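Worksheet for the structure shown next.
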There are 2 protein chains.
Amino acid sequence: MNNASKPVYLKLRDIISESILDGEYAEGDMLPSVRAFAVEQGANPLTVAKAYQGFQEDGLVTVKRGVGMFVASGAKAKLRDAQRADFIKNVWPPVERQMKRLNIKLDELLENNS
Amino acid sequence: MNNASKPVYLKLRDIISESILDGEYAEGDMLPSVRAFAVEQGANPLTVAKAYQGFQEDGLVTVKRGVGMFVASGAKAKLRDAQRADFIKNVWPPVERQMKRLNIKLDELLENNS
DNA sequence: ATCGCTGTATTATGGCAGTGATGCAGTATG
DNA sequence: CATACTGCATCACTGCCATAATACAGCGAT
């Protein structure tokens, strides 16, 4: 299940998430407008809006109508915790199972880092 | 991206792969018929057929029309190698990136095992 | 008030993936 | 040949995704 085969609105969601986690968009910052981000990513404004929608439902962004969408206070920690929980619960177990089944040791994986 | 949210035919494919890797279906053995496996898994025969289709394209099973599908010779090693390569190339990198981003250490993951 | 930006709602359309019901074709067995 | 099993092909239905063309509503600066 690669990133390339994901729906666009989910990929956009990931891009935003990573940007917030990496501090590119700090708390209080305004996110790119729907139309601007659509142009930047070569996507449809509606698709971007759909991607943004989930964030406001989770309280990660604050919407100022007519102005823009802003990274909510505490969003970074909240996002981090949610992603950590998801990783431990949903991502890691199948990975570990596959490593056991294929007899892949951690040694083989921890060398080629950037 | 959980196992639960995968298309049925991909889940069936995984079940077969694991059964071959674990030796449940040895090389030369006949796989369950499309209809039998469909009943067993509560799926549609066509969906099972679609799951089987990929295996014959990869030369992992030999089809004897009117008889059944048989695990090809060398299928286990071939499958293992393919899955190892796919894991190292496609699965592990995003996992490692996410671990770095979320600052998840291996220590947290290697304790609660079965 | 006007202009230019912001997000949002509406409706419609095309494409594609997943699933399903039915029937046909090949093979072994009697 | 008849039967009962195999895989496989065709057609159709459904839902999700993405896009499009508008239009509307809120805010700020001139």
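Letters A, B, ... are given to chains in the order of the sequence lines, protein chains preceding strands, and every chain is numbered from 1. Owing to the predicted nature of the structure, the values given are computational and were not obtained by experimental measurement.
Closest contact between the side chain of S33(A) and the listed nucleotides dG7(C), dA21(C), dC8(D) involves dG7(C). The listed nucleotides are dA23(D), dC8(D), dT19(C); the one nearest the side chain of R35(A) is dA23(D).
Atom CD of E57(B) and atom P of dG7(D) are 16 Å apart (whole Å). Rounded to an integer number of Å, the gap from CZ of R13(B) to C1' of dG18(C) is 15 Å. The NZ-P distance, from K11(B) to dA17(C), rounds to 19 Å in whole Å. Across the protein-nucleic acid pair, K50(A) atom NZ and dC17(D) atom C1' stand 6 Å apart, rounded to whole Å. Atom pair Y52(B):OH and dA9(D):P shows a separation of 17 Å (rounding to whole Å applied). Note: CG (L12(A)) to C1' (dC17(D)) measures 13 Å, nearest angstrom. The nearest whole Å value for the distance from the CZ atom in F70(A) to the C1' atom in dC5(C) is 12 Å. Rounded to whole Å, atom P of dA17(C) lies 13 Å from atom CD of Q53(B).
Under the 4.5 Å side-chain criterion, counting only non-hydrogen atoms from C-beta, S19(B) is not in contact with I16(B).
Under a hydrophobic clustering in which Ile, Leu, Val, Met, Phe, Trp and Tyr are joined whenever their side-chain heavy atoms come within less than 4.5 Å, directly or via other members, I104(A) and L110(B) fall into the same cluster.
Nucleotides of DNA chain C nearest to L46(A) and V67(A) differ in position, and the one nearer the 5' end is that of V67(A). The residue among Y9(A) and R65(A) whose nearest nucleotide of DNA chain D is located toward the 5' end is Y9(A). When the nearest nucleotides of DNA chain D are assigned to P45(A) and V63(B) by heavy-atom distance, the more 5′-ward of the two goes with V63(B).
Within the 4.0 Å cut-off from OP1 or OP2 of dA20(D), at least one side-chain nitrogen or oxygen of N44(A) is found.
Taking a cutoff of 4.0 Å between a charged side-chain nitrogen and a carboxylate oxygen, E40(A) and R35(A) do not qualify as a salt bridge. In summary, R101(A) and E18(B) engage in a salt bridge, as defined by a charged side-chain N under 4.0 Å from a carboxylate O.
As judged by a 4.0 angstrom heavy-atom cut-off over every strand, Q56(A) is placed among residues touching the sugar-phosphate backbone only. Using a 4.0 Å heavy-atom distance criterion, K64(A) is classed as making no nucleic acid contact.
Counting only distance, with no hydrogens or angles, the side chain of R84(A) and the backbone of N103(B) share a donor-acceptor pair below 3.5 Å.
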